[in-house]
Amino acid sequence: MVIKVYIATSSGSTSIKKQQQDVMSFLAVNKIEFEERDIAADEDNRKWMREHVPEDSRPATGNPLPPQIFNEDRYCGNYEAFFCAREDNAVYAFLGLTAPPGSKEAEALSKKMQM
């Protein structure tokens, strides 16, 4: 399974740039394989991302903004959802992946199962 992070390399928004970097840095540091999909340089990527973000996850007006995160074709969420999962030590579950042994998320799941 491949994690796909839809980004805009030529975004004028510093907030979007920081969010994109935050997601990709976290994935890289935790050795989670991912692909960057640039929606600014590739119209097909932009079209695919916009078509696959679920209706209930779209903004009230306009189009979904990057970063948007997918596991293959399954929508995981946007930056806010990623941030919440990271704060809750639940990023692997958010991404649809199994947490590696020894990770904070795996330890938290183990404690839950023991209760």
Side-chain angles (χ1 to χ4, degrees):
M1 292 194 273
V2 177
I3 302 303
K4 299 173 185 171
V5 182
Y6 285 80
I7 63 164
T9 53
S10 63
S11 174
S13 166
T14 56
S15 174
I16 287 176
K17 287 179 183 177
K18 287 179 184 178
Q19 291 175 358
Q20 292 173 163
Q21 190 58 46
D22 189 30
V23 170
M24 293 186 299
S25 294
F26 181 90
L27 296 175
V29 165
N30 287 283
K31 297 177 177 59
I32 299 171
E33 289 185 40
F34 69 97
E35 295 176 0
E36 289 179 35
R37 299 284 174 102
D38 187 2
I39 67 167
D42 188 329
E43 183 63 33
D44 290 338
N45 284 339
R46 179 182 310 148
K47 185 177 177 186
W48 192 94
M49 181 195 84
R50 289 180 178 171
E51 289 174 355
H52 288 83
V53 171
E55 246 350 278
D56 61 345
S57 298
R58 294 175 178 273
T61 59
N63 290 308
L65 298 174
Q68 298 290 333
I69 306 160
F70 293 80
N71 183 334
E72 294 293 343
D73 293 345
R74 185 184 71 79
Y75 182 67
C76 298
N78 60 13
Y79 178 76
E80 289 77 19
F82 171 82
F83 182 82
C84 290
R86 191 176 66 188
E87 291 296 305
D88 293 339
N89 290 321
V91 172
Y92 289 92
F94 167 78
L95 296 172
L97 302 173
T98 302
S103 68
K104 288 181 181 179
E105 190 169 338
E107 290 173 11
L109 284 172
S110 176
K111 286 179 184 176
K112 276 186 182 177
M113 295 199 136
Q114 291 174 357
M115 293 180 143

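Side chains included, hydrogens not; waters and symmetry mates left out as well; all remaining heavy atoms used. Computed from a predicted model, the values in this text were never measured in an experiment.
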Closest heavy-atom pair and its distance - [X], [Y]:
X	Y	result
I7	P66	CA-CB, 3.8 Å
A106	A99	N-CB, 3.8 Å
L95	N71	O-ND2, 2.7 Å

Assess the residue pair V53 and F70 against the criterion (side chain to side chain contact (heavy atoms under 4.5 Å, CB included)); give the C-alpha distance rounded to whole Å, side-chain angles, the decisive distance to 0.1 Å, and a yes or no. CA-CA 9 Å; V53 171; F70 293 80; 4.1 Å; yes
With rounding to the nearest 0.5 angstrom, report the [atom1] to [atom2] distance, [X] to [Y].
X	Y	atom1	atom2	value
K47	I39	NZ	CD1	14.5 Å
E36	T9	CD	OG1	8.5 Å
Q68	Y75	CD	OH	3.5 Å
L97	N30	CG	CG	11.0 Å
L65	R50	CG	CZ	8.5 Å
D88	K104	CG	NZ	12.5 Å

Side chains of E72 and V2, heavy atoms from C-beta outward: is any pair under 4.5 Å? yes
Mind checking whether F94 and C84 have side chains closer than 4.5 Å, heavy atoms only? no
Decide whether [X] and [Y] are clustered together by the hydrophobic rule: side chain heavy atoms of Ile, Leu, Val, Met, Phe, Trp, Tyr closer than 4.5 Å, transitively.
X	Y	answer
V23	I16	no
Y92	L27	yes
I69	Y6	no

For V91 and F82, run side chain to side chain contact (heavy atoms under 4.5 Å, CB included): C-alpha distance rounded to whole Å, both residues' side-chain angles, the deciding distance at 0.1 Å, then the answer. CA-CA 7 Å; V91 172; F82 171 82; 4.0 Å; yes
Salt-bridged, R58 to E55, with N to O below 4.0 Å? yes
In terms of relative ring orientation, are Y79 and F83 parallel, tilted or perpendicular, with 30° and 60° separating the classes? tilted
Kindly determine whether E43 and R46 satisfy side chain to side chain contact (heavy atoms under 4.5 Å, CB included), including the steps that lead there. CA-CA 5 Å; E43 183 63 33; R46 179 182 310 148; 2.7 Å; yes
Taking atom CD of E33 as the centre, report whether more than 12 heavy atoms of other residues, nucleotides or ligands fall under 6.0 Å from it. no
Let me see the working for W48 and D73 under side chain to side chain contact (heavy atoms under 4.5 Å, CB included), right down to the final yes or no. CA-CA 10 Å; W48 192 94; D73 293 345; 3.4 Å; yes
So does A8 get a backbone contact from the side chain of Q20, meaning a donor-acceptor N/O pair under 3.5 Å? yes
